[in-house]
J.: 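This is the structure I have questions about; it appears just below.
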There are 2 protein chains.
Amino acid sequence: MKLTNTSEYALRILTYMAKDPAQLYSAKSLVEKLNISDKYLRRLMTTLSKQGFIYSIQGREGGYSFRKEPSEIRLADVVDAVEGMDTYAGCVLGFEECSCENPCVMHATWIKVREEFLSVFTNTTLADIDFEQAKRY
Amino acid sequence: MKLTNTSEYALRILTYMAKDPAQLYSAKSLVEKLNISDKYLRRLMTTLSKQGFIYSIQGREGGYSFRKEPSEIRLADVVDAVEGMDTYAGCVLGFEECSCENPCVMHATWIKVREEFLSVFTNTTLADIDFEQAKRY
DNA sequence: ATAATATACTACTCTATTGTAGCATTTATT
DNA sequence: AATAAATGCTACAATAGAGTAGTATATTAT
Ligand code: SF4
Ligand code: SF4
């Protein structure tokens with residue numbers, strides 16, 4: 001039950017920004033706060049920008065800010081944008097073609113976990129995060 | 001929400017064997033049935049053998065059979081043996097040190113998924129599989 | 001205009017997982 | 001004993017994800 005580092009980064013960045021969504025965040029400040037490799041973060045921000053989650057403002061005094069409302073950004077959207085949700089929406093056992101009519105041996109077991117994951121990640125938006133209790137990003 | 005290929009293989013192999021647990025299975029027959037790379041499967045079988053799940057019988061007419069009862073092999077044990085459960089038992093965001101007293105921003109969201117995964121994988125054994133409905137391995 | 005400070009892009013390196021090749025070892029059959 | 005058919009082992013190759021380096025481009029303050 002693991003996301004790629006890239007998804008972890010994307011979620012950490014966007015949830016961090018969502019705590020104070022009006023602000024403009026420089027790559028530098030995000031790198032310092034979140035301890036993510038500078039160049040990798042920048043590349044990821046460009047992806048998130050092209051995917052429509054954030055604006056990127058170039059030049060001096062530039063940075064990143066939300067393009068969509070945090071309440072319109074579901075966790076699943078973020079994961080989907082940076083690594084794809086296919087593997088998570090699909091089969092534990094990695095089978096390509098699958099349906100509940102043609103189940104594999106793990107299906108009944110797996111489906112419970114998968115549904116929980118999908119329902120949490122599609123029903124939670126960046127605005128639903130409990131920022132009060134969070135002590136780290 | 002993904003296991004490594006190795007874990008997928010291990011689960012497919014052991015669930016397949018658990019359907020008829022008394023039988024002796026050759027690597028060759030498993031490779032044919034399950035469509036897993038020959039050498040990789042053999043190496044994995046050695047691991048599963050050393051971890052105590054199965055016997056390996058060398059020589060002509062050799063093969064693999066269960067050492068433990070399928071009812072004593074939990075899915076989590078299998079995953080733990082071949083890739084480790086640490087990343088799954090741990091944090092979505094990949095934080096090393098974590099506690100519910102020092103939660104990260106995703107904690108409340110994440111914990112629901114993690115608990116479902118852990119509870120299913122620790123409470124399901126190879127004997128709990130519904131082999132009747134399974135159409136693929 | 002120029003310098004300073006920010007993001008964008010391209011190509012490369014590093015690493016862990018996954019997969020392959022080849023030979024060694026074991027054991028039943030003959 | 002020789003052969004055949006099975007597993008065991010070690011080292012290497014291929015791949016994909018993660019991270020780095022260096023340069024180009026954009027914008028603002030002066
Ligand atoms: S039936 Fe379920 S577990 Fe099996 S291949 Fe399809 S999604 Fe995966
Ligand atoms: S509090 Fe929960 S989500 Fe946060 S780091 Fe710990 S386990 Fe992960």
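Just so it is clear, the values below take in all heavy atoms, side chains as well, and ignore hydrogens, waters and symmetry mates. Worth saying up front: this structure is predicted, and the values here are computed from it rather than measured. Naming convention: chains lettered A, B, ... in sequence-line order (proteins, then strands); numbering from 1 in each chain.
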J.: Find the bend of the helix from C:dA1-D:dT30 to C:dT30-D:dA1 as the angle between its two terminal axes (five pairs each), to the nearest 10°.
T.: 10°
J.: Do any side-chain nitrogens or oxygens of B:Ser37 fall under 4.0 Å of OP1 or OP2 in C:dT18?
T.: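 Answer is no, no contact under 4.0 Å.
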J.: Would you say a side-chain N or O of B:Thr6 is under 4.0 Å from OP1 or OP2 of C:dT18?
T.: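 For C:dT18, OP1/OP2 do have a side-chain N/O of B:Thr6 under 4.0 Å.
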J.: Rounded to the Å, how far apart are B:Glu8 CD and C:dT18 C1'?
T.: 12 Å
J.: Let me know the distance between CD1 of B:Ile36 and P of C:dG19, rounded to the nearest Å.
T.: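 In whole Å, C:dG19 P and B:Ile36 CD1 are 9 Å from each other.
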J.: Provide, to the nearest angstrom, the distance between the OH atom belonging to A:Tyr40 and the P atom belonging to C:dC14.
T.: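 Computing the A:Tyr40:OH to C:dC14:P distance gives 17 Å.
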J.: Heavy atoms under 4.0 Å, any strand shown: does B:Tyr55 hit a base, just sugar-phosphate, or nothing?
T.: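 No contact at all - B:Tyr55 keeps every heavy atom at 4.0 Å or more from the nucleic acid.
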J.: Tell me which residues in residues 41-53 of chain A put a heavy atom below 4.0 Å from DNA chain C, sorted by number, or none.
T.: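 Under 4.0 Å from DNA chain C: A:Arg42, A:Arg43, A:Thr46, A:Lys50.
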J.: Tell me the interatomic distance from B:Tyr9, atom OH, to C:dT18, atom P, rounded to whole angstroms.
T.: 8 Å
J.: Report the distance from atom CD of B:Glu83 to atom OG1 of B:Thr47, rounding to the nearest 0.5 Å.
T.: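 Nearest 0.5 Å value for the CD-OG1 distance: 12.5 Å.
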J.: Report the distance from atom CG of A:Leu24 to atom P of C:dT5, rounded to the nearest whole Å.
T.: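 Atom CG in A:Leu24 sits about 17 Å away from atom P in C:dT5.
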J.: Knowing that exactly one of B:Tyr64, B:Tyr9, B:Tyr25, B:Phe131 qualifies, which makes a ring pair (Phe, Tyr, Trp, His ring centres under 6.0 Å) with B:Tyr16?
T.: B:Tyr25
J.: Whole Å only: how far is the CG atom of B:Asp38 from the P atom of D:dA5?
T.: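 Going from B:Asp38 (CG) to D:dA5 (P), I get 15 Å.
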J.: In terms of hydrophobic clusters joined by side-chain contacts under 4.5 Å, are A:Leu24 and A:Tyr55 together?
T.: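 As far as the 4.5 Å side-chain criterion goes, A:Tyr55 and A:Leu24 are not connected within one cluster.
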J.: So if I define the base as every atom that isn't primed, P, OP1 or OP2, how would nucleotides 23-30 of chain C read as a B/S/- string at a heavy-atom cutoff under 4.0 Å?
T.: ---BBB--
J.: For C:dT5, does either OP1 or OP2 sit under 4.0 Å from a side-chain N or O belonging to A:Ser26?
T.: no
J.: What's the CG-P distance between A:Asn5 and C:dC14, to the nearest Å?
T.: 19 Å
